[in-house]
> 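Below is one structure. I have some questions about it.
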Amino acid sequence: MGSSTSSLYSALAKTVSRPALPHPCDSTYNPGNDLDLDQDPADPLELLRECREVLRNRPAQLQRAFVQTGHGDARQTIRIMQWNVLAQALGEGMDSFVQCPMDALNWAERKYLILQEILTYRPDIICLQEVDHYFDMFQPVLASLGYQSSFCPKPWSPCLDVENNNGPDGCALFFNHKRFQSLNTTHLRLSAMMLKTNQVAIITTLRCRATERAFCVAVTHLKARSGWEVLRSAQGSDLLRNLRNVAQRIETEEKTDTDVPLIVCGDFNAESSEDVYRNFATSSLGLDSAYKL
């Protein structure tokens with residue numbers, strides 16, 4: 001980066017000089033207010049240029065080909081990014097990526113790779129899993145770009161077992177506050193067989209400022225690895241139950257007879273043959289997979 005002070009560096013440096021945000025488990029923590037309206041807005045194109053400059057010696061950015069699913073009213077079209085970004089502590093200290101060069105796991109560059117993807121596609125809503133740099137990177141930088149956000153950490157995050165960790169990992173949800181107004185945010189610790197588990201979810205109800213219509217977005221990360229299919233199914237059923245409750249509440253508050261639009265994002269760690277997938281596909285909420293095409 002040389003001797004000059006970059007926009008991105010300045011955004012990160014501001015978090016060092018201001019009081020720390022309360023811990024998410026603190027009763028005073030308000031997950032719906034992670035947006036500093038007094039913060040100087042950042043220029044997304046300038047930040048993208050900076051990312052590309054830092055990464056100029058890395059392999060070229062992957063060019064993705066997307067499937068166009070419709071051509072509706074631009075005011076009602078929402079671009080959503082769903083991404084398990086890999087907890088930094090796990091990538092460097094626990095998950096043993098034996099075929100991955102260590103420099104690819106270096107946070108000093110990887111944070112720019114992540115931001116480059118976000119800045120390239122400029123999503124209206126961002127749903128992330130395995131976030132363990134929320135307070136020192138994701139929240140301040142994305143807030144400078146106009147995203148309001150919420151973070152729900154895992155209660156027993158494996159990141160905490162790694163030396164020099166950056167705190168627990170969890171799910172994070174960001175949305176463009178100029179497009180959407182936050183109506184309600186619910187943090188869930190998912191249950192299975194009446195027992196609390198280590199997996200979490202966020203359900204946020206938003207109102208589109210252009211259309212004034214309310215809708216719900218959820219993000220989750222279910223239990224990984226083969227052998228845990230029954231637990232994943234139970235966690236998914238718990239999330240579905242909570243989604244029904246939220247949808248019914250919003251329908252009552254909005255005084256509408258039509259179903260509230262619902263978007264569920266997440267790393268389900270599941271094949272389409274698993275019960276958890278079938279339960280979502282056949283639920284009364286009318287969900288359908290975005291991956292069918």
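Hydrogens, waters and symmetry mates are skipped; everything else that's a heavy atom, side chains included, is used. Here, residue 1 is the first one in the sequence, and each next residue gets the next number.
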> Assess the side chains of Arg209 and Gln181: does a donor N or O sit below 3.5 Å from an acceptor N or O?
no
> Do the charged groups of Arg79 and Asp124 touch, with an N to O distance under 4.0 Å?
no
> Flag yes if Ile263 and Val260 sit in one hydrophobic cluster, no otherwise; membership is Ile, Leu, Val, Met, Phe, Trp, Tyr, and two members link when side-chain heavy atoms are under 4.5 Å apart.
no
> Quick one: CD1 on Ile203 to NE2 on His187, what's the gap to the nearest 0.5 Å?
10.5 Å
> When you group the ILVMFWY residues by side-chain heavy-atom contacts below 4.5 Å and let the links chain together, are Ile126 and Phe151 in the same group?
yes
> Working to the nearest 0.5 Å, report the span between CG of Leu222 and CD of Gln235.
5.5 Å
> How far apart are the closest heavy atoms of Asn184 and Arg249, and which atoms are they?
OD1-NH2, 3.0 Å
> Identify the heavy atoms of Asp43 and Leu45 that sit nearest to each other, and give their distance.
OD1-N, 3.0 Å
> Taking all non-hydrogen atoms of both residues into account, name the closest pair between Leu287 and Ser283 and its distance.
CD1-OG, 4.0 Å
> Using the rule side-chain contact (heavy atoms from CB on, under 4.5 Å), only one of Ile125, Ile80, Thr220 pairs with Cys265; which is it?
Ile80
> Same hydrophobic cluster for Leu47 and Tyr121, using side-chain heavy-atom links shorter than 4.5 Å among ILVMFWY?
yes
> Decide yes or no for Leu145 and Ile118: does some side-chain heavy atom of the first lie under 4.5 Å from some side-chain heavy atom of the second?
no
> Looking only at heavy atoms, which two atoms of Pro140 and Asp136 are closest? And how far apart?
CG-C, 3.8 Å
> Hey, does the side chain of Arg52 reach the backbone of Arg49 with a donor-acceptor pair shorter than 3.5 angstrom?
no
> CZ of Arg278: more than 12 outside heavy atoms within 6.0 angstrom?
yes
> Considering non-hydrogen atoms only, spot the tightest contact between Ala214 and Pro261 and give its length.
O-CD, 3.5 Å
> Check whether any side-chain heavy atom of Ser182 sits under 4.5 Å from a side-chain heavy atom of Phe175, and report yes or no.
yes
> Just wondering, do Asp169 and Pro153 contact through their side chains at under 4.5 Å, heavy atoms?
no
> Does any non-hydrogen side-chain atom of Leu86 lie less than 4.5 Å from one of Leu105?
yes
> May I ask you to decide if the ring planes of Tyr134 and Phe174 are parallel, tilted or perpendicular, using 30° and 60° as cut-offs?
tilted
> If only side-chain N and O atoms count, and only distance matters, is there a donor-acceptor pair under 3.5 Å linking Glu130 with Gln88?
no
> Could you report the tightest heavy-atom contact between Arg179 and Ile78, atom names first, then the distance?
NH1-CA, 4.2 Å
> Quick one: do Glu254 and Arg207 satisfy side chain to side chain contact (heavy atoms under 4.5 Å, CB included)? Show the steps, please.
CA-CA 11 Å; Glu254 295 293 306; Arg207 187 186 305 282; 2.9 Å; yes
> Could you give the distance from CG (Leu115) to CZ (Arg110), rounded to the nearest 0.5 Å?
11.0 Å
> Check for me, please, whether Leu188 and Val200 land in the same ILVMFWY cluster - side-chain distances under 4.5 Å, paths through other members count.
no
> Given side chain to side chain contact (heavy atoms under 4.5 Å, CB included), test Glu253 with Ile250 step by step and report yes or no.
CA-CA 5 Å; Glu253 293 174 353; Ile250 298 304; 3.7 Å; yes
> Identify whether the distance between the nearest side-chain nitrogen and carboxylate oxygen of Asp132 and Lys154 falls below 4.0 Å.
no
> May I ask you to check whether over 12 heavy atoms, not counting those of Tyr291, lie within 6.0 Å of atom OH?
no
> Does Leu128 form a side chain to side chain contact (heavy atoms under 4.5 Å, CB included) with Asn84? I'd like the steps, not just the answer.
CA-CA 6 Å; Leu128 305 180; Asn84 181 330; over 6 Å; no
> Is there a side-chain contact between Glu109 and Tyr112 (heavy atoms, below 4.5 Å)?
no
> With a cut-off of 6.0 Å (strictly less than), are more than 12 heavy atoms of other residues, nucleotides or ligands near CH2 of Trp107?
yes
> Can you check whether Cys159's main-chain N or O pairs, donor with acceptor, with Ser157's side chain at less than 3.5 Å?
yes
> OG of Ser233 to CG of Asp238: how many Å apart, nearest 0.5 Å?
11.5 Å
> Is there a side-chain contact between Asp275 and Glu229 (heavy atoms, below 4.5 Å)?
no
> Quick check on side-chain hydrogen bond (donor to acceptor under 3.5 Å, both in side chains): which of Gln199, Gln82, His221 does Gln129 satisfy it with?
Gln82
> Would you please indicate if the ring centroids of Phe280 and Phe268 are separated by under 6.0 Å?
yes
> Is there side-chain contact between Thr186 and Ile202, with heavy atoms separated by less than 4.5 Å?
no
> Looking at CG of Asp267 and SG of Cys171, how far apart are the two atoms once the value is rounded to the nearest 0.5 Å?
9.0 Å
> Would you call Arg122 and Glu117 a salt bridge, using N to O less than 4.0 angstrom?
no
> Return yes if some donor-acceptor pair links the side-chain N/O of Asp95 with the main-chain N/O of Phe97 below 3.5 Å, else return no.
no
> In this structure, would Leu243 and Leu206 fall into the same cluster of hydrophobic residues linked by side-chain contacts under 4.5 Å?
no
> Looking at Arg232 and Glu271, does any basic side-chain N land under 4.0 Å from a carboxylate oxygen?
no
> Would you give the length of the straight line joining atom CZ of Arg241 to atom OG of Ser191, rounded to the nearest 0.5 angstrom?
7.0 Å
> Check the side chains of Thr120 and Gln61 for a donor-acceptor pair under 3.5 angstrom, ignoring hydrogens and angles.
yes
> Does Ile114 reach the side chain of Phe138, with side-chain heavy atoms less than 4.5 Å apart?
yes
> Side chain to side chain contact (heavy atoms under 4.5 Å, CB included) for Val217 and Cys127? Distances and angles first, verdict last.
CA-CA 9 Å; Val217 182; Cys127 294; 3.9 Å; yes
> Short question: side chain of Asn165, backbone of Val162 - any donor-acceptor pair under 3.5 Å?
yes
> Apply the test side-chain hydrogen bond (donor to acceptor under 3.5 Å, both in side chains) to residues Arg189 and Thr197: give CA-CA distance (whole Å), side-chain angles for both, the deciding distance (0.1 Å), then the verdict.
CA-CA 7 Å; Arg189 182 177 171 187; Thr197 70; over 6 Å; no
